[in-house]
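None of the values given here were measured: they were computed from a predicted structure.
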Amino acid sequence: MRTFARARFVRVSSRKAGVVLEQIRGKSVADALATLQYTPRIAARLIEKVLRSAIANAEHNHQVRNLDDLRVVQATADGGPSLKRVQPRAMGRAFFIKHRTSHLMVAVSDEVNRARLAPAPEHARPPAARPAAAAETGDAKPAARTKAPRGGGKAAASKRGASKGKR
């Protein structure tokens, strides 16, 4: 059963949290907790709390007893509202500071079938999906024309030389 936990309005940017979430996505719960414990980022502590909450939800709501079967099937960090502040600067100027927040969501599941599937290997795709197959059959489109490099050529060089002459 898929179980999730959410932490909203967390004071870390979604980009910084996303870096940590990429490390645990698809791992078993034990591996994910070990990874988060030794990750030297502030977001790792916050994500660890959310993951532990998702594990507790699975135990309480769905009576999951074997925690070795749980895997992190989804982990996202969406942007939340920004706290806007003003920093006074010299000569009457003001710098605007945005303290970004995010909404963290971690989902765990003990089902094997719902796990994220890996992309199909190259040889298993149909021939129409492969770009090389079109070239083999002769149905390939003509190559796209490329633009000439900017600022190159004799004409451009002569124009540049003319402007640098006597004034």
- Item | Nearest heavy atoms of Val50 and Arg6, plus distance in Å | CG1-N, 4.5 Å

- Do the non-hydrogen side-chain atoms of Val108 and Leu51 ever get within less than 4.5 Å of each other? yes

- Should the heavy atoms of other residues, nucleotides or ligands under 6.0 Å from NZ of Lys49 be counted, would the total exceed 12? no

- Nearest 0.5 Å please: distance from the CZ atom of Arg2 over to the CG atom of Leu70. 12.5 Å

- Closest heavy-atom pair and its distance - Ala5, Ala54: CB-N, 3.5 Å

- Return the minimal non-hydrogen interatomic distance between His103 and Phe9, and the atom names on each side. ND1-N, 3.2 Å

- Query: Is the shortest heavy-atom distance from the side chain of Phe96 to the side chain of Arg85 under 4.5 Å?
  - Reply: no

- Is Val73 reachable from Leu104 through a run of I, L, V, M, F, W or Y residues, each pair having side-chain heavy atoms under 4.5 Å apart? no

- Side chains of Lys16 and Arg100: does their closest heavy-atom pair fall under 4.5 Å? no

- Note on the structure: Output for pair (Gln37 CD, Glu48 CD), nearest 0.5 Å, gives 6.5 Å

- Message: Hydrophobic cluster membership, with links at side-chain heavy-atom distances under 4.5 Å among I/L/V/M/F/W/Y: are Leu36 and Val10 in one?
- Response: yes

- Message: If you compare all heavy atoms of Gly18 against all heavy atoms of Ala77, which two are closest, and at what distance to 0.1 Å?
- Response: N-CB, 4.3 Å

- Item | Min side-chain heavy-atom separation Ile42-Val12 under 4.5 Å | no

- Donor-acceptor contact present, side-chain Asn57 to main-chain Phe4, <3.5 Å: yes

- Query: Is there side-chain contact between Asp68 and Ser28, with heavy atoms separated by less than 4.5 Å?
  - Reply: no

- Message: Within the 4.5 Å heavy-atom criterion, are Val106 and Val72 side-chain neighbours or not?
- Response: yes

- Closest heavy-atom pair, Arg25 versus Ala75, reported as atoms and distance to 0.1 Å, is NH2-O, 2.6 Å

- Task: Decide whether Leu33 and Leu67 are clustered together by the hydrophobic rule: side chain heavy atoms of Ile, Leu, Val, Met, Phe, Trp, Tyr closer than 4.5 Å, transitively.
- Result: yes

- Of all the heavy-atom pairs spanning Arg71 and Val29, show the shortest one and how long it is. N-CG2, 4.1 Å

- Query: Roughly how far apart are His62 NE2 and Glu59 CD, rounded to 0.5 Å?
  - Reply: 12.0 Å

- Query: Looking at CD of Gln74 and OG of Ser109, how far apart are the two atoms once the value is rounded to the nearest 0.5 Å?
  - Reply: 11.0 Å

- Query: How many angstroms lie between atom CD1 of Ile47 and atom CG of Leu21, to the nearest 0.5 angstrom?
  - Reply: 3.5 Å

- Query: Around Arg15, counting heavy atoms of other residues, nucleotides and ligands shown, do more than 12 lie under 6.0 Å from its CZ?
  - Reply: no

- Message: Just so I know, are the side chains of Arg11 and Leu83 near enough to count as touching, which here means a heavy-atom distance under 4.5 Å?
- Response: yes

- Query: Are Lys98 and Pro81 side-chain neighbours, meaning at least one heavy-atom pair lies under 4.5 Å?
  - Reply: no

